[in-house]
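Note sheet for the following structure.
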Amino acid sequence: MTDFNTTDFTNPSTFILLGIPGLEAAHVWISIPFCTMYAIAILGNSTILFIVKKEPSLHGPMYYFLCMLAVTDLGLSTSMLPKMLSIFWFNSKEISFSACLTQMYFIHCFSVIQSGILVAMALDRYVAICHPLRYSTILTNPIVAKISLAVVLRGGMLALRYPILARQWPYCKTNIIPQPYCTHIAMVNLTCADTRISSYYGLFVLFCVMGLDVIFITMSYIQILRVIFSLPTKDARLKTFWTCGSHLFVILAFYIPGLFISLLSRFGQNVLLHFHVLIANVYLLMPLVLNPIIYGVRTKQIRDRLFRLFTHEGA
């Protein structure tokens, strides 16, 4: 086998993904929870898409955005996990330069789209609770389509700069990536060029996604809470707040681990590498598993349709 080391070379044709550095002997065991999460993500999100398609009463803005979230989850999990599992099971660590850039693009693209969909869902809940009588006239199908297109275009355009920058860099340190997939920050660490532009752009994307999106969602829920607390009875307040429960759980599952990972990457220099990589993997994969479970368990219409599906009633 070729000896992949840190000798001088420029622009290697392949990179080496190490998987979980320091835990190579346990890769087969580590693959079990990751494979399980992948199976749950595929099955859960596919079920959401099938139920919404089959149930006419679910053909509304909230469930259209939910379908977008399911498609995004499927795309993000499929961008990462097949290659990750091939590393764990078959020690297939090589990835071509073009494939690495492609994987990087889709991971970042789907992540930004996922955040944008959560913003669109917050808008949906805001209109439904704060302007219920105008809900159907504000969130019409053309408006929902335009919002969806804007979310997808934003994700695609913001992520496009990453592979463009990475393709221009000279790589003269090593071709070894100490994680199971290609990301922007991982490739920045391999280059010997000045990457300040890339770092600034990464901060810009972080501000657009983790900053502006969180601000918009927070403002939406401030208005929602004002309406909820103005309701006359406790039961009415709880019932109205509970309609936002699924969305709130999904928001927490997405943004809180993301904030933790961002802080860990900047201030956790003394954290063991394999722990850092494991946490980063769990952060990316956990929302993909939790989203269909949360909406499947907490949304009555989906839960009832799923029950009828398994009992062969009303199919």
Side-chain angles (χ1 to χ4, degrees), residues 33-55 57-78 80-81 110-129 139 144 147-148 151 209-210 213-214 216-218 220-221 224-225 228 237-261 279 281-310:
F34 284 105
C35 184
T36 302
M37 286 192 287
Y38 189 34
I40 293 173
I42 294 292
L43 179 61
N45 287 294
S46 298
T47 302
I48 293 288
L49 291 172
F50 176 79
I51 289 175
V52 173
K53 180 182 178 181
K54 288 293 186 180
E55 185 60 50
S57 65
L58 301 181
H59 293 176
M62 174 183 172
Y63 298 101
Y64 292 150
F65 292 138
L66 178 57
C67 286
M68 280 189 65
L69 185 63
V71 171
T72 303
D73 289 349
L74 288 172
L76 182 55
S77 60
T78 303
M80 298 169 49
L81 277 159
F110 284 126
S111 297
V112 175
I113 291 174
Q114 193 175 37
S115 180
I117 295 170
L118 295 180
V119 174
M121 287 179 154
L123 174 64
D124 172 84
R125 292 298 85 202
Y126 165 76
V127 176
I129 293 174
L139 289 180
V144 170
I147 293 172
S148 303
V151 167
V209 178
M210 298 293 286
D213 287 3
V214 169
F216 188 90
I217 291 172
T218 302
S220 298
Y221 271 94
I224 289 171
L225 290 174
I228 289 175
R237 290 193 292 269
L238 287 175
K239 184 178 179 180
T240 305
F241 180 78
W242 215 237
T243 62
C244 303
S246 299
H247 185 234
L248 283 171
F249 280 124
V250 170
I251 288 172
L252 294 175
F254 181 81
Y255 288 111
I256 290 180
L259 178 61
F260 176 74
I261 289 297
I279 293 297
N281 279 276
V282 171
Y283 154 64
L284 279 174
L285 296 174
M286 192 57 67
L288 315 183
V289 177
L290 291 179
N291 292 348
I293 294 176
I294 290 170
Y295 276 101
V297 171
R298 292 186 50 80
T299 306
K300 185 178 184 299
Q301 295 92 325
I302 294 177
R303 192 170 63 244
D304 291 346
R305 188 63 174 86
L306 186 61
F307 178 76
R308 293 203 307 271
L309 181 66
F310 281 109

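For the numbers below, each heavy atom of this structure counts, side chains included, while hydrogens, waters and symmetry mates do not. In this chain, residues are counted from 1 in sequence order. The structure displayed is predicted, hence computed values, not measured ones.
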C244 meets the side chain to side chain contact (heavy atoms under 4.5 Å, CB included) criterion, sequence neighbours left out, with R125, I129, Y221, I224, L248
Could you give the distance from CG (L288) to CE (M80), rounded to the nearest 0.5 Å?
7.5 Å
Applying side chain to side chain contact (heavy atoms under 4.5 Å, CB included) to I293 and not counting sequence neighbours gives I40, V289, V297
Quick one: pull up CD1 in I117 and NE2 in H247 and give me the separation to the nearest 0.5 Å.
10.0 Å
Under 4.5 Å between any side-chain heavy atoms of Y255 and L118, yes or no?
yes
Quick test of your reading: applying side-chain hydrogen bond (donor to acceptor under 3.5 Å, both in side chains), list the pairs with at least one residue in residues 64-77, sequence neighbours left out, ordered by first then second residue.
D73-Q114, D73-N291
Hey, what do you get for NE2 (H59) to OG (S57), rounding to the nearest 0.5 Å?
8.0 Å
Hey, could you give me the CD1/CG distance between I113 and L76, rounded to the nearest 0.5 Å?
10.0 Å
Could you measure the distance from the CE atom of M121 to the OG atom of S220? Nearest 0.5 Å is fine.
13.5 Å
Quick one: list whatever passes side-chain hydrogen bond (donor to acceptor under 3.5 Å, both in side chains) with N281, sequence neighbours left out.
none
When every non-hydrogen atom of P287 is compared with those of A253, the smallest separation belongs to CG-O, 3.5 Å
Run the ring pair (Phe, Tyr, Trp, His ring centres under 6.0 Å) test against F254 and tell me which residues pass, sequence neighbours left out.
none
Once ring pair (Phe, Tyr, Trp, His ring centres under 6.0 Å) is applied, do any residues pair with F34, and if so which ones, sequence neighbours excluded?
F88
According to ring pair (Phe, Tyr, Trp, His ring centres under 6.0 Å), who are the partners of Y126, at least two apart in sequence or on a separate chain?
H131
In chain order, what residues pass the side-chain hydrogen bond (donor to acceptor under 3.5 Å, both in side chains) check against T218, with sequence neighbours excluded?
none
Is any side-chain heavy atom of L69 closer than 4.5 Å to a side-chain heavy atom of V250?
yes
How long is the straight-line distance from CG of D213 back to CD1 of I251, given to the nearest 0.5 Å?
10.5 Å
With a 4.5 Å cut-off on side-chain heavy atoms, are V151 and V119 touching?
no
Considering non-hydrogen atoms only, spot the tightest contact between D124 and P61 and give its length.
OD1-CB, 3.6 Å
Taking only residues two or more places apart in sequence, or in another chain, which ones meet K54 in a side chain to side chain contact (heavy atoms under 4.5 Å, CB included)?
F50, R305
Provide the full list of side-chain hydrogen bond (donor to acceptor under 3.5 Å, both in side chains) pairs with a residue in residues 36-46, sequence neighbours left out, each pair given once.
Y38-T78
